[in-house]
Peer 1: 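Dropping the structure in here first, questions after.
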Amino acid sequence: MQKKYSWYSLLKAGLANQDWDKAIPSSKPKSKYDVIIIGGGGHGLATAYYLAKECGITNVAVVEKGYIGGGNTGRNTTIIRSNYLRDEASSLYEHSMRLWEGLSEDLNFNVMFSQRGVYNLGHTLQDMRDIERRVNANVLNGVDAVVVDHKEIKEQIPIINTSKNVRYPIMGASFQARAGVARHDGVAWGFTRAASHLGVDIIQNCEVIDIEVEGGRVKGVKTTQGDIMADRVGCVSAGHSSVIARMAGLRLPVESHPLQAFVSEAMKPILHTVVMSNAVHGYVSQSDKGDLVIGAGIDGYNSYAQRGSAKIVEHCAAAILELFPIFSRVRMNRQWGGIVDVCPDACPVISPTKIEGLYFNCGWGTGGFKATPGSGNVFAHTIAQDKQHDLAVPFHIDRFTTGALIDEHGAAGVAH
Amino acid sequence: MFSINCPYCKESRDQNEFSPAGEAFVARPENPEALSDEEWADYVFYRTNHKGDHWEQWVHTSGCRKYFLVKRSTITHEVIEEATFAEVYSEKIS
């Protein structure tokens, strides 16, 4: 396995008939580890990476029931931003943003993080008041944000429809310049490769079928590739968190819903930034490949089916077309769904549980991708020290009992 | 996409006419004052989020606007059974 990618390795392998080493090794599970991470999505891989890199725990297994990049990590619309309203949430997402800013170098893998900015549109007076409040909160928390009016939006994005004669005219927006997108597959592969280098076993096609608990302590997991023992188990299984929790006899305050997205055929560059709208419910950016990446909302019913209703897609397409009439003849290429676990307060759970040694990182709902490095980082420290990382403290599962919820429906209200 | 047979309208209609209204059989506690914080949290926030055949509440929003129960697979979206509250609860009691 190639240790480090560099201009020299590029030249060498390029001259030698594209002789590239395998980037991701395939592992078979050992019988015992210090830590098992259930779920090989971005958050799980990042957890394993930071456990090895920052906490000195390298005897770690990531067990993934499918393949790396096959779940929500490879299904989202890749938007990264940290302009959340509440102190607790914005600190966590800003922590993540700072890690994104050095991630390609850190992982020695190009995750194509592109800080092209994000506009969150406002269409009513109340929208604009909320946007101003959120931008002020962001500035106080050291998160870059400005309020822009519709003229400035039109100057920056000439193809956007700022006409007043539409059902929901654009009045203004918040703009975060450091926000942007990244290549989601690259993020999964980069974390996998970097974690493997540090000694983490990434085990694919290995589904957890039960969690062994003895005397209130976790002992290990039963998988389709045999039993694996560990004193500490971290669950990062997104839409299937409730299923995993039930294996340990726990209930979670989350419900699973399908979230859909679709991409168009590839086109020449036409949209250089990310545009999101809570009010009409749609968000769009253009990938480096040239296709428009469009995200819709969740279906209201529970589902584990990785597909949603056509009316959600139709509703989103209508919103995007009102914002960008020029897209009306663009042909769509693919459409898909992923299963997201939604918390009642639109904030995640990063928490120990009643079972000693068993930790949950779940409930990211519709917007987990942006938090990938930050989530993994604070979860790794939480597992390593058996004590919540400072930034994770407000996200304890007990907040649903104490009532100290972190209401982020305003900033996270749109699925993204 | 799926169709639901409204037990009041007695007609199979497109899912778009209906709205989901949460997990079924989450009964409001008879004496909330007597509950511990954990029990109250469980009633308000915690759900089974079952993977498989799942009883849930739906409302015929664009039709009769009545609430009823649907047993539906959360794996395939297949609707298995529709019933009124009265039908299900009389069965439960008897």
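Each chain gets a letter, A, B and so on, in the order its sequence line appears, and its residues count up from 1.
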Peer 1: Heavy atoms only, distances under 4.5 angstrom: which of A:Gly403, A:Ala305, A:Pro258 has the most pairs with chain B? Name it, please.
Peer 2: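 Between A:Gly403, A:Ala305, A:Pro258, the count favours A:Ala305.
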Peer 1: If we only count heavy atoms from C-beta on, is the A:Lys311 to B:Met1 side-chain gap below 4.5 Å?
Peer 2: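 A:Lys311 vs B:Met1: side chains apart.
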Peer 1: Does atom OH of B:Tyr67 have more than 12 heavy-atom neighbours from other groups under 6.0 Å away?
Peer 2: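 12 or below, so no.
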Peer 1: Within the 4.5 Å heavy-atom criterion, are B:Asn49 and A:Tyr304 side-chain neighbours or not?
Peer 2: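 Yes, close enough: below the 4.5 Å cut-off.
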Peer 1: Rounded to the nearest 0.5 Å, what separates atom CG in A:Asp398 from atom CG in B:Asp37?
Peer 2: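 These two atoms lie 10.0 Å from each other.
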Peer 1: State the OG1-CZ distance between B:Thr76 and A:Arg307, to the nearest 0.5 angstrom.
Peer 2: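 So the OG1 of B:Thr76 and the CZ of A:Arg307 are separated by 7.0 Å.
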Peer 1: Report, as yes or no, whether the 6.0 Å neighbourhood of atom OH on B:Tyr8 holds more than 12 heavy atoms from other residues, nucleotides or ligands.
Peer 2: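 Yes, enclosed.
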Peer 1: So, taking the atom named CG in A:Asn302 and the one named CZ in B:Arg47, what distance separates them when rounded to the nearest 0.5 Å?
Peer 2: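 Going from the CG atom of A:Asn302 to the CZ atom of B:Arg47 covers 10.0 Å.
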Peer 1: Would you say the rings of A:Tyr301 and B:Phe18 are close, in the sense that their centroids are separated by under 6.0 Å?
Peer 2: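 No, the ring of B:Phe18 stays outside the 6.0 Å limit from the ring of A:Tyr301, centre to centre.
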Peer 1: In Å and rounded to the nearest 0.5 Å, what is the CZ to CG distance from A:Arg251 to B:Asp42?
Peer 2: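 Reported value, rounded in 0.5 Å steps: 4.0 Å.
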Peer 1: Can you tell if the side chain of A:Arg246 reaches within under 4.5 Å of the side chain of B:Lys51, non-hydrogen atoms only?
Peer 2: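 No - every pair of side-chain heavy atoms lies 4.5 Å or more apart.
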Peer 1: Working to the nearest 0.5 Å, report the span between CH2 of B:Trp40 and OG1 of A:Thr401.
Peer 2: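 Reported to 0.5 Å precision, the distance equals 13.0 Å.
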Peer 1: Return the option, out of A:Ser241, A:Ala310, A:Cys343, with the maximum number of heavy-atom pairs under 4.5 Å with chain B.
Peer 2: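 Among the listed options, the one with the most contacts to chain B is A:Ala310.
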Peer 1: Supply the atom-to-atom distance A:Ser309 OG to B:Phe2 CZ, rounded to the nearest 0.5 angstrom.
Peer 2: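 Here the rounded value is 6.0 Å.
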Peer 1: Sort B:Gln15 into side chain, backbone, both or neither according to what part of it lies under 4.5 angstrom from a heavy atom of chain A.
Peer 2: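 Answer is side chain: those atoms of B:Gln15 sit under 4.5 Å from chain A.
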Peer 1: Identify which part of B:Ser73 has an atom lying under 4.5 Å from any heavy atom of chain A, answering side chain, backbone, both or neither.
Peer 2: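 B:Ser73 has no heavy atom closer than 4.5 Å to chain A.
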Peer 1: So which of B:Ala21, B:Ser36, B:Pro20, B:Gly22 has the largest heavy-atom pair count under 4.5 angstrom toward chain A?
Peer 2: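 Greatest number of close heavy-atom pairs with chain A: B:Pro20.
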Peer 1: Does atom CD of A:Gln225 have more than 12 heavy-atom neighbours, drawn from other residues, nucleotides or ligands, at distances under 6.0 Å?
Peer 2: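 For A:Gln225, atom CD is crowded (more than 12 foreign heavy atoms under 6.0 Å).
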Peer 1: Are any of the side-chain heavy atoms of A:Ile397 and B:Tyr46 separated by less than 4.5 Å?
Peer 2: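 They are in contact (side-chain heavy atoms under 4.5 Å apart), so the answer is yes.
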Peer 1: Of the listed residues (A:Gly308, A:Gly300, A:Ser303), which shares the most heavy-atom pairs with chain B below a 4.5 Å separation?
Peer 2: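 When all of A:Gly308, A:Gly300, A:Ser303 are compared, A:Ser303 has the most.
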